[in-house]
Amino acid sequence: MKTVQDYIRTIPDFPHEGIMFRDVTTLFSDARGFRIAIDQLLHPYAGQPINKVVGLEARGFILGGAIAHQLSVGFVPIRKKGKLPGKTIEQDYTLEYGQATMEVHDDALQAGEKVLLVDDLLATGGTAEAGIKLIERMGAEVIGCAFIIDLPDLGGRKKLESLGMNVHALCQFEGA
């Protein structure tokens, strides 16, 4: 039986030389693989109260929408700066090559709501940390962070766990 990792394509030297890009579009395009991934991302949170699923731009939208549908809860996108209409709150974060900003609508979450944060890949944890900070600034509680891929060599899991987060990943790859 194939695992989630079996559906993920590796593309060497993308977007830069020395990077092994883990492409989840091959997972998404296979109905069985996509279903396995969604079911496995949900499994640790079965029976927990979840009010919203938050997806990080951009592949987190695909996963988050499917998970929110399965849970019959709302979906909230956290996007790169300038992509959302209406009033937003922002959170800066550090990338390996500089700074960036994530934002969310200021009325997307309510105080006390239980939130599952979802994205495809956990690398350095900067984007996820920014998402967590936005969620917490709105008074909601992150009950877990779910990813398809963890790149443990880049330290993202340790960063999120040091923030008190429960981190769940379906597979991991060594290196960057």
J.: Less than 4.5 Å apart, side chain to side chain, heavy atoms only: is that true for Val104 and Met138?
T.: yes
J.: Is it true that Thr88 and Asp106 share a donor-acceptor pair across their side chains at a distance under 3.5 Å?
T.: no
J.: Decide yes or no on side-chain contact (heavy atoms from CB on, under 4.5 Å) for Ile19 and Phe14, but give the supporting numbers first.
T.: CA-CA 6 Å; Ile19 301 291; Phe14 182 85; over 6 Å; no
J.: State, to 0.1 Å, how close Leu41 and Ala146 come at their nearest heavy-atom pair, and which atoms those are.
T.: CD2-CB, 3.9 Å
J.: Calculate, to the nearest 0.5 Å, the distance between atoms CG and NZ belonging to Leu56 and Lys80 respectively.
T.: 11.0 Å
J.: Yes or no on side-chain contact (heavy atoms from CB on, under 4.5 Å) for Glu113 and Glu141, after CA distance, side-chain angles and deciding distance?
T.: CA-CA 6 Å; Glu113 285 188 310; Glu141 177 188 350; over 6 Å; no
J.: Report yes if the side chains of Val118 and Val54 come closer than 4.5 Å at any heavy-atom pair, otherwise no.
T.: no
J.: Output yes when Arg79 and Glu103 qualify as a salt bridge under the 4.0 Å nitrogen-oxygen rule, no when they do not.
T.: no
J.: Measuring from atom CD of Gln70 to atom CD1 of Ile50, what distance do you get when rounded to the nearest 0.5 angstrom?
T.: 12.0 Å
J.: When you measure from the centre of the six-membered ring of Tyr7, is the NZ or CZ of Lys2 under 6.0 Å away and within 45° of the axis?
T.: yes
J.: So Leu42 and Leu71, do their side chains get closer than 4.5 Å, heavy atoms only?
T.: yes
J.: Under 4.5 Å between any side-chain heavy atoms of Val53 and Val73, yes or no?
T.: yes
J.: Strictly distance-based, threshold 3.5 Å: is any side-chain N or O of His105 a donor or acceptor partner for the main-chain N or O of Pro85?
T.: yes
J.: Would you kindly say whether Gln99 and Thr94 are connected by a side-chain donor-acceptor distance under 3.5 Å?
T.: yes
J.: Take Ile132 and Cys145, measure what side-chain contact (heavy atoms from CB on, under 4.5 Å) needs, and give me the verdict at the end.
T.: CA-CA 9 Å; Ile132 291 163; Cys145 301; 3.9 Å; yes
J.: Do Phe28 and Ile62 have side-chain heavy atoms sitting under 4.5 Å apart?
T.: yes
J.: Do Tyr93 and Thr101 pass the side-chain contact (heavy atoms from CB on, under 4.5 Å) test, and can you show the C-alpha distance, the side-chain angles, and the key distance before you say yes or no?
T.: CA-CA 6 Å; Tyr93 66 103; Thr101 303; 5.8 Å; no
J.: Are the side chains of Met165 and Glu129 in contact, using a 4.5 Å heavy-atom criterion?
T.: no
J.: Is Leu134 reachable from Leu84 through a run of hydrophobic residues whose side-chain heavy atoms are each under 4.5 Å from the next?
T.: no
J.: Determine yes or no for a side-chain-to-main-chain donor-acceptor pair under 3.5 angstrom, with Asp30 supplying the side chain and Leu27 the backbone.
T.: no
J.: With no hydrogens and no angle check, just 3.5 Å: does a side-chain donor-acceptor pair link Arg157 and Gln172?
T.: no
J.: Ignoring hydrogens and angles, tell me if any N or O in the side chain of Lys52 forms a donor-acceptor pair with the backbone of Ala108 under 3.5 Å.
T.: yes
J.: What I'd like to find out is whether the side chain of Ile149 reaches to under 4.5 Å of the side chain of Leu151, using heavy atoms alone.
T.: yes
J.: Just how far is it from atom NE2 of His168 to atom CG of Leu117, taken to the nearest 0.5 Å?
T.: 13.0 Å
J.: Under 4.5 Å between any side-chain heavy atoms of Ile143 and Val115, yes or no?
T.: no
J.: Can you find a side-chain donor-acceptor pair between Asp6 and Thr3 that sits under 3.5 Å?
T.: yes
J.: Check Glu90 with Lys81, please: is the shortest side-chain N to carboxylate O separation under 4.0 Å?
T.: yes
J.: Which atom names give the shortest non-hydrogen contact between Ala68 and Gly74, and what distance separates them?
T.: CB-O, 3.8 Å
J.: Consider only side-chain heavy atoms of I, L, V, M, F, W and Y, link residues closer than 4.5 Å, and tell whether Leu121 and Ile38 are in one cluster.
T.: yes
